[in-house]
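Presented below is the structure to which this report refers.
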Amino acid sequence: MQLADVFEQIQESDWQGEVALHWDDSMACMPDVLPFLEPDQIAENLDWGGLESSHQQALEEAARQIAGTPELKALAWHAWRRLYESDDPVDFNHWPALDAAMNDTSGCFYLLLGLAMVPGTRAIHESLGIPSSVTRETCLQVACFADNFRRARHGRLGMFRGQLFWMRNYPQGRLFRLGRFEYRLQPLGPFVHVFRHREQNLTVVLSAGGRLFDDAGYAVQIGTAGSWEAGFTLSGEAARGFPVHPAGHVLRYEVTLPRSEWDHVVKPGDTMLDVHIPSGGQMTPQSCLDTMRRSVEFFRTYFPDKPFRSFWCHSWIFGPQLETILPETANLVKYLREVYLYPVYSEDGGLWFIFFQDKFDLPTVPRENSLQRTVAQYLEKGGEWREGGMIALVDDLDQFGSQIYRSRWPEVVSLLGLPA
């Protein structure tokens with residue numbers, strides 16, 4: 001089947017690009033029956049994916065339409081192969097929305113593909129000896145994405161096609177949910193260096209070299225008036241660089257850390273636990289501590305050959321402005337103060353995850369919950385929105401609840417002679 005014919009039938013255009021990649025290969029191996037469109041498989045995937053069985057009828061109807069329309073079937077098979085049988089990057093935002101071909105059930109096309117992660121995830125977990133309870137937790141991401149779609153589309157069933165790419169992580173055995181958070185082992189990017197004082201057990205983070213910051217110490221991508229570049233050097237005698245305040249900004253004050261006093265405990269390239277925070281609320285301090293403790297035990301048990309010393313995350317959730325606009329009692333604010341924040345550059349600041357707009361437009365953003373209203377008001381008043389990064393040492397989990405990095409920051413200031 002020719003891709004041009006598919007797009008003509010589904011009333012879409014601009015097919016030259018993302019969808020065309022490997023199209024002929026997919027058509028050469030397309031089976032008569034697509035398992036993820038079969039009723040038994042849909043029922044099983046719903047159960048493991050955390051979605052209510054009441055959705056089965058709607059999904060079966062959508063599956064019958066897809067399977068009974070040669071062009072939709074071909075597109076579904078091609079998407080499944082690109083998602084689950086290839087490591088090539090794929091941006092489903094450039095795939096058809098299918099609003100004309102499937103009307104109000106268009107989101108079900110991509111939800112059925114998202115649910116198709118279940119068999120592969122179960123298989124890889126079983127091969128690794130991972131308990132089925134963890135598998136069930138991990139598969140819950142389908143329900144999280146479906147809930148995003150429901151909230152943004154006034155109760156409709158579906159999944160945003162732009163989030164579909166994330167589902168390939170699970171059948172690859174790379175990403176696991178353990179309580180409130182998800183985790184994967186990743187090398188730390190070129191962001192920060194972490195040092196620990198041997199005698200006083202103080203922690204200080206230095207910016208990696210070559211990164212640009214504004215006057216306030218927040219990351220920028222391109223040099224502007226008042227911006228400056230942080231340097232970092234490391235020798236056998238000392239490390240020199242610019243310290244990061246644990247509230248998430250870099251100080252324009254170079255320090256020297258003698259290697260005889262400071263251990264270089266985390267550096268770019270080191271393996272760390274990359275944290276992903278699914279939607280869903282209930283991010284209480286206890287649930288955060290519980291999931292982090294579980295993750296340490298889990299990865300040391302099932303991946304003992306990959307040691308790690310830190311947690312890491314880059315997200316809108318760690319934007320420093322949240323501490324100023326959310327109440328002190330907010331669970332998110334409490335968590336921000338338990339980890340070590342550092343600045344990152346981000347183009348859109350993660351606003352999509354709050355408002356679900358394909359193109360952010362402040363005058364038209366929805367204001368259906370307190371977070372949306374709070375953020376919209378902050379931006380209307382000229383507030384600057386940023387994403388942020390966090391890092392936390394595994395060894396500090398026993399101090400969780402004491403705001404260890406902030407509570408001991410005055411000692412770091414005194415020891416390094418930083419301006420108060």
Side-chain angles (χ1 to χ4, degrees), residues 178-183 185-186 188 191-207 239 241 243-251 255 257 261-267 270-277 282-301 306-315 317-320 322-323 326-344 388-416 418 420:
L178 301 157
R180 185 62 188 83
F181 298 162
E182 295 182 329
Y183 303 87
L185 292 166
Q186 291 273 93
L188 179 65
F191 302 111
V192 294
H193 298 260
V194 184
F195 291 84
R196 175 63 65 89
H197 194 271
R198 292 178 185 174
E199 293 184 1
Q200 300 187 39
N201 217 32
L202 296 171
T203 302
V204 65
V205 171
L206 300 185
S207 170
V244 181
H245 190 286
H249 57 273
V250 177
L251 304 179
V255 299
L257 307 181
E261 301 175 16
W262 293 86
D263 290 324
H264 194 187
V265 294
V266 181
K267 61 184 180 299
D270 285 354
T271 298
M272 47 77 187
L273 281 181
D274 179 16
V275 181
H276 172 242
I277 302 177
Q282 301 302 312
M283 212 171 102
T284 65
Q286 189 59 51
S287 68
C288 294
L289 177 58
D290 289 345
T291 181
M292 294 170 80
R293 282 178 171 164
R294 279 188 64 189
S295 70
V296 173
E297 180 181 1
F298 175 86
F299 282 94
R300 285 178 176 172
T301 298
K306 298 179 179 179
F308 54 89
R309 300 188 68 172
S310 65
F311 300 92
W312 176 88
C313 187
H314 171 166
S315 170
I317 286 175
F318 298 104
L322 290 171
E323 289 193 54
L326 295 178
E328 295 277 327
T329 55
N331 285 328
L332 181 52
V333 171
K334 293 177 182 178
Y335 188 63
L336 290 174
R337 293 173 178 173
E338 296 295 338
V339 295
Y340 204 126
L341 303 181
Y342 65 89
V344 299
M390 79 84 171
I391 198 162
L393 297 179
V394 171
D395 289 346
D396 291 332
L397 277 182
D398 288 342
Q399 302 296 318
F400 192 92
S402 68
Q403 301 184 18
I404 183 173
Y405 304 113
R406 299 200 191 188
S407 64
R408 302 203 67 188
W409 182 250
E411 297 175 67
V412 175
V413 169
S414 176
L415 184 63
L416 298 181
L418 295 171

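These numbers come from a predicted model, not from an experiment.
Between R196 and T203, the side chains place a donor N or O and an acceptor N or O closer than 3.5 Å (distance only, hydrogens not considered). Checked by atom type, the side-chain pair W409/Y340 shows no donor-acceptor distance below 3.5 Å.
Salt-bridge check for E323 with K334: failed, with every basic side-chain N at 4.0 Å or more from each acidic carboxylate O.
When side chains are defined from C-beta on, L257 counts as touching V204, because their heavy atoms get closer than 4.5 Å. Inter-residue side-chain proximity for L185 and F299 is flagged as met; some heavy-atom pair is nearer than 4.5 Å. For the pair V266/L188, a side-chain contact is recorded, criterion being any heavy-atom separation below 4.5 Å from C-beta on. With a 4.5 Å cut-off on side-chain heavy atoms, Q399 and L393 do not count as touching. No side-chain heavy atom of D274 sits less than 4.5 Å from a side-chain heavy atom of Y183. Taking the side chain as every heavy atom from C-beta outward, L415 and Q200 approach each other to under 4.5 Å. In this structure the side chain of R198 never reaches within 4.5 angstrom of the side chain of E261, judged on heavy atoms.
The backbone N or O of F400 lies less than 3.5 Å from no partner atom in the side chain of E338, so there is not a single donor-acceptor pair. A distance-only check finds a donor-acceptor pair linking the side chain of T301 to the backbone of E297 [under 3.5 Å]. Panel note: side chain H245, backbone G248; no donor-acceptor pair is recorded below 3.5 Å. Between the side chain of S287 and the backbone N or O of Q282 there is at least one donor-acceptor pair closer than 3.5 Å.
Between L273 atom CG and K306 atom NZ the span is 11.5 Å, to the nearest 0.5 Å. If you take CG on L341 and CD1 on I391, they are separated by 11.5 Å, rounding to the nearest 0.5 Å. Distance CH2/W262 to NE2/H193: 15.0 Å, rounded to 0.5 Å. Within the model, atoms NE2 of H249 and OG of S207 stand 13.0 Å from one another, a figure rounded to the nearest 0.5 Å. To the nearest 0.5 Å, atom CG of residue L178 and atom OG of residue S295 are 6.5 Å apart. Atom-to-atom distance recorded for C288:SG and R180:CZ is 7.5 Å, nearest 0.5 angstrom.
Of all heavy-atom pairs between M272 and F308, the closest is CA-CB, 4.1 Å. In plain terms, the two heavy atoms of S407 and S402 that are nearest each other are OG-O, 3.4 Å. Shown here for P243 and L418, the closest heavy-atom pair between the two residues is CG-CD2, 3.8 Å. Heavy-atom minimum distance, V244 versus P343: CG1-CD, 4.0 Å. Nearest heavy atoms, P285 versus N331: CD-OD1, 3.6 Å. For the residue pair Y405 and P246, the shortest heavy atom distance occurs at O-CG, 3.7 Å.
Looking at residues two or more places apart in sequence or on another chain, you find no salt bridge (charged side-chain N to carboxylate O under 4.0 Å, His left out) involving D290. Take I317 and apply the side-chain contact (heavy atoms from CB on, under 4.5 Å) test, not counting sequence neighbours, and it matches I277, S315, L332. The salt bridge (charged side-chain N to carboxylate O under 4.0 Å, His left out) check on K267 picks up D270, with sequence neighbours excluded. With sequence neighbours left out, R408 forms a salt bridge (charged side-chain N to carboxylate O under 4.0 Å, His left out) with E411. Qualifying ring-ring contact (aromatic ring centres under 6.0 Å, His included) partners for F181, counting only residues two or more places apart in sequence or in other chains: Y335. Partners of H276 under the ring-ring contact (aromatic ring centres under 6.0 Å, His included) rule, at least two apart in sequence or in another chain, are W166.
By the 30° and 60° cut-offs, the orientation of the rings of H314 relative to W312 is perpendicular.
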Q) Could you walk me through whether D398 and R293 pass the side chain to side chain contact (heavy atoms under 4.5 Å, CB included) check? A) CA-CA 9 Å; D398 288 342; R293 282 178 171 164; 4.0 Å; yes
(Q) Working note: F195 + L206, criterion side chain to side chain contact (heavy atoms under 4.5 Å, CB included); need CA distance, chi angles, decisive distance, verdict. (A) CA-CA 8 Å; F195 291 84; L206 300 185; 3.8 Å; yes
